[in-house]
Amino acid sequence: MRVFVAGSSGLIGSALVTSLRGGGHDVTRLVRRRASGPGELAWDPERGTLDAVSLRGADAVVNLCGAGIGDKRWSGAYKQTLRDSRITPTDVLARAVVDAGVPTLVNASAVGWYGDTGDRVVDEHAAPGGGFLARLCRDWEAATATAADAGVRTVTVRTATVLSPHGGMLGKLCRLYALGLGGRLGSGRQYLSWISLADEVSALEFVLARDDIRGPVNLCAPEPVTNARFTAALGRALHRPAPWRIPGVVVSALIGEFADEAVLCGQRAVPGVLAQAGFTFRRPTIDTALADALGR
Ligand SMILES: NC(=O)c1ccc[n+]([C@@H]2O[C@H](COP(=O)([O-])OP(=O)(O)OC[C@H]3O[C@@H](n4cnc5c(N)ncnc54)[C@H](OP(=O)(O)O)[C@@H]3O)[C@@H](O)[C@H]2O)c1
């Protein structure tokens, strides 16, 4: 396959590029700077600059762009950055795949699309949720419409929290646990949907290869866990006690609005489309995924 990847320097993108290249695929990274070799193509998503002609002959474009959701406190300006860094690049790529005749667009989204689901199990048939993140995900996915409406096979991958010690939530938690500060957050009853980095990459390759899959696809392991269960599993995996119970008000005061939408509540999402399509998870349980992520 000939694949272009945007957001390729990130946690998921860099692992995907390595895996695709290792599998013999021809991968070009879309870079927001000057291209440094034949495996790169420069684009400027903010200005909408992308030479669609360069995409001709590609089998797929994968878009994994976006400023980090949990990287900064959500000021009004940062919330705008979170939106602009997802919706504008998606719009640019959706138009470009149509112009270049690329048959497949795989675009990032998140299980945050479902909002706070409480105990309710949600697959891709569930209704959208409320709140800033759910609205962001809805608008992000809607930005792919130009491609889908033109007949491009468009897959919006609703990714759960990716477990890797090299970044994202787990990287931050490991530092806290190392200081003996591990503990459940708020009630501990909120659900966390998660996926190992290895399965995230395999699932992306799976949807790239399967011409019969289009529309939203939950990229999450089949067993979402409560925060209390996750806390206990991480404590075990790190051989660190996690005895603390950090009240929700403290978490909110420390992290701000992000805590209210993504830490103290969550999604109990399951991978309906992947299960139906016969995808096999290599790390289906939280203990195996954490052991894998932490190299134990
Ligand atoms: N990791 C997770 O747990 C998780 C969960 C749900 C959804 N997702 C979504 O999946 C996508 C990839 O996740 P990730 O963990 O790999 O993210 P990441 O490590 O933060 O990487 C995202 C990439 O997006 C590009 N980017 C950053 N700021 C940007 C901006 N202002 N405008 C345009 N592009 C920008 C950068 O790539 P370049 O410099 O190469 O352009 C960056 O490496 C993101 O959209 C994320 O929201 C991730």
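In each ligand, atom 1 is the first atom listed, and ligand 1 is the first ligand listed. From a predicted model like this one, the values you see are computed outputs, not experimental measurements.
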Worksheet item: What is the nearest protein non-hydrogen atom to atom 6 (C) of ligand 1, stated with its residue, atom name and distance?
Response: Thr159 O, 3.2 Å
Worksheet item: N/O to N/O below 3.5 Å, does that happen between Pro89 and ligand 1?
Response: no
Discussion item. Using a 4.0 Å cut-off to any heavy atom of Gly7, which atoms of ligand 1 qualify?
Written reply: 23 (C), 24 (O), 37 (O), 40 (O)
Response to the item:
Rounded to the nearest 0.5 angstrom, the OG1-NZ distance for Thr81 and Lys72 is 7.0 Å
Worksheet item: For ligand 1, which atoms have a heavy atom of Ser85 less than 4.0 angstrom away?
Response: 30 (C), 31 (N), 32 (N), 33 (C)
Worksheet item: If we only count N/O pairs under 3.5 Å, is Cys65 in contact with ligand 1?
Response: yes
Worksheet item: Within the structure, does Arg86 bring an N/O atom to less than 3.5 angstrom of an N/O atom in ligand 1?
Response: yes
Item to complete: Return a yes/no value for Gly68: is any of its N or O atoms, backbone included, closer than 3.5 angstrom to an N or O of ligand 1?
Response: no
Discussion item. Return the closest protein heavy atom for atom 44 (C) of ligand 1 as residue, atom name and distance.
Written reply: Leu64 O, 3.7 Å
Worksheet entry | N/O donor-acceptor pair under 3.5 Å between Ser193 side chain and Ala269 backbone | yes
Fill in: atom 16 (O) of ligand 1: the protein heavy-atom neighbour that sits closest, reported with distance to 0.1 Å
Ile12 N, 2.8 Å
Worksheet item: Does Arg21 CZ have over 12 foreign heavy atoms under 6.0 Å away?
Response: yes
Practice prompt. Run down the list Gly168, Gly10, Gly66 and name the one with the heavy atom closest to atom 24 (O) of ligand 1.
Written response: Gly66
Item to complete: Considering only non-hydrogen protein atoms, determine which one is nearest to atom 17 (O) of ligand 1 and report residue, atom name and distance to 0.1 Å.
Response: Leu11 N, 4.5 Å
Item to complete: Answer yes if Met169 and Val225 sit in the same cluster of Ile, Leu, Val, Met, Phe, Trp and Tyr residues linked by side chain heavy atoms under 4.5 Å apart, and no otherwise.
Response: yes
Discussion item. If the contact criterion is a heavy-atom separation under 4.0 Å, does Thr161 count as touching ligand 1?
Written reply: yes
Item to complete: Using the side chain to side chain donor-acceptor pair (under 3.5 Å) rule, take Ser8 and Arg29 through it: C-alpha gap first, then chi angles, then the decisive distance, then the call.
Response: CA-CA 6 Å; Ser8 66; Arg29 302 173 57 204; 2.7 Å; yes
Discussion item. So if I apply the side chain to side chain contact (heavy atoms under 4.5 Å, CB included) rule between Leu50 and each of Asp99, Leu55, Val61, which one comes out positive?
Written reply: Leu55
Response to the item:
closest protein heavy atom to atom 3 (O) of ligand 1 is Val162 N, 2.9 Å
Worksheet item: Once you round to the nearest 0.5 Å, how far does CZ of Phe4 lie from CG of Asn63?
Response: 14.0 Å
Worksheet item: Hey, do the aromatic rings of Phe230 and Trp194 have their centres closer than 6.0 Å?
Response: no
Discussion item. Side chain, backbone, both or neither: which applies to Trp140 and ligand 1 if a contact is any heavy-atom pair less than 4.0 Å apart?
Written reply: side chain
Response to the item:
Of Ala160, Ala110, Ser14, Gly70, the residue with the heavy atom nearest atom 4 (C) of ligand 1 is Ala160
Fill in: Whether Ser109 lies under 4.0 Å from ligand 1, heavy atom
yes
Worksheet item: With distance as the sole test, does Glu223 use its side chain to make a donor-acceptor pair with the main-chain N or O of Ile286 at under 3.5 Å?
Response: no
Worksheet entry | Lys79 NZ: over 12 foreign heavy atoms closer than 6.0 Å | yes
Fill in: Nearest non-hydrogen protein atom, atom 38 (P) of ligand 1
Ser9 OG, 3.2 Å
Discussion item. I need the atoms of ligand 1 closer than 4.0 Å to a non-hydrogen atom of Ser8, numbered in the order shown.
Written reply: 40 (O)
Practice prompt. Using a strict 4.0 Å threshold on nitrogen-to-oxygen distance, state whether Arg135 and Asp139 make a salt bridge.
Written response: no
Worksheet item: Which heavy atom of the protein is the closest neighbour of atom 27 (C) of ligand 1, given with residue, atom name and distance?
Response: Arg32 NH2, 3.5 Å
Discussion item. For the 3.5 Å polar cut-off, considering only N or O atoms, please tell me whether Ala108 and ligand 1 meet it.
Written reply: no
Fill in: salt bridge (Lys or Arg N to Asp or Glu O under 4.0 Å) evaluation trace for Arg158 with Glu141
CA-CA 9 Å; Arg158 294 180 182 161; Glu141 292 191 13; 2.7 Å; yes
